[in-house]
Amino acid sequence: METPGLVVHGEAASFSTALRSLVNNPLYSDVRFVVGQERQEVFAHRCLLACRCNFFQRLLGSELGPGVTSPVVLSAVPAEAFLAVLEFLYTNSAQLHRHSVLEVLTAAVEYGLEELREETLRTRGFLELSPPALLPLLRSDKLCVDEAELVLAARSWARVGAAVLERPVAEVAAPVVRELRLALLAPAELSALEEQNRQEPLIPVEQIVEAWKCHALRRGDAAPGAPCRRRRGTLPREHHRFLDLPFK
């Protein structure tokens, strides 16, 4: 049996720097985007985007043909967020700014970039979002995030806000935790959350009770205050089949 050859690794930093220099660089570019309401022109390299992201693989499929110069219009994503997405695709890292983190997270969800989505939820920019900025995110059915992960993110967000504002965590969290869909959690997860909530109050007891009511009655509409619609990123759990949970 032939032994595997020696794997030689080059310097990661210089490799990343070289690829970063190609972000929005017309050199060798074979695709142009027009992004955001400002209609900023952005250059990219189709083969790299397609091999890194299924969304772009579909968008930039073979029907375009080689050497296409017609721009691809993506008006819904701001230019700064789109450039952050490109930086991540080219280098597997991205520098995020507080004022654009929500747009980057939205783009990561839209393009199915789970690693970028997960990292964005942990950034300082996300933790410093205002409640009005965070609420539309938690109300979205299109969010590619499981509910257990959102509960953790909401707790981290509330802790930061509580420290800055010198207010109790539960008080800071109040405007946003009602959007958490606790009935989606499995019984063991809900029990663990209930125990943690006793040690560090975050979620009103009534909201947890409503989630348990959905489990007990096996109906997603059992408690009007406990939304049960699945998000795009909801991981399947055994009890979901009893709740008749639709995707929207």
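No experiment lies behind these values; they were computed from the predicted model shown.
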### Query
Is the backbone N or O of Ala13 less than 3.5 Å from a side-chain atom of Thr17, with the two atoms forming a donor-acceptor pair by type?
yes
### Message
Is a donor from one side chain sitting under 3.5 angstrom from an acceptor on the other, for Arg122 and Ser156?
### Response
no
### Message
For Arg181, is there any backbone N or O sitting under 3.5 Å from a side-chain donor or acceptor partner on Glu147?
### Response
yes
### Query
Glu128 versus Val101: any side-chain heavy-atom pair under 4.5 Å?
no
### Message
Using a 3.5 Å distance criterion without hydrogens, assess whether the side chain of Ser100 forms a donor-acceptor pair with backbone atoms of Glu103.
### Response
no
#### Entry: Any side-chain heavy-atom pair of Leu89 and Val85 under 4.5 Å
yes
### Task
May I ask you to decide if the ring planes of Tyr90 and His45 are parallel, tilted or perpendicular, using 30° and 60° as cut-offs?
perpendicular
### Message
Treating Ser140 as the side-chain partner and Leu137 as the backbone partner, does any N or O pair qualify as donor plus acceptor under 3.5 Å?
### Response
no
### Message
Tell me whether the NZ or CZ atom of Arg52 lies within the 45° cone about the ring axis of Phe88 and under 6.0 Å from its centre.
### Response
yes
### Query
Using a distance-only test with no angle check, is there a side-chain donor-acceptor pair under 3.5 angstrom linking Glu195 and Gln199?
yes
### Task
Could you tell me whether a side-chain N or O of Thr91 sits under 3.5 Å from a main-chain N or O of Glu87, the two making a donor and an acceptor?
yes
### Message
Determine whether a donor-acceptor pair (N or O, by modelled atom type, separation under 3.5 Å) exists between the side chain of Asn24 and the backbone of Phe43.
### Response
yes
### Query
Would a distance-only check, ignoring hydrogens and angles, find a side-chain to backbone donor-acceptor pair under 3.5 Å from Gln207 to Val177?
yes
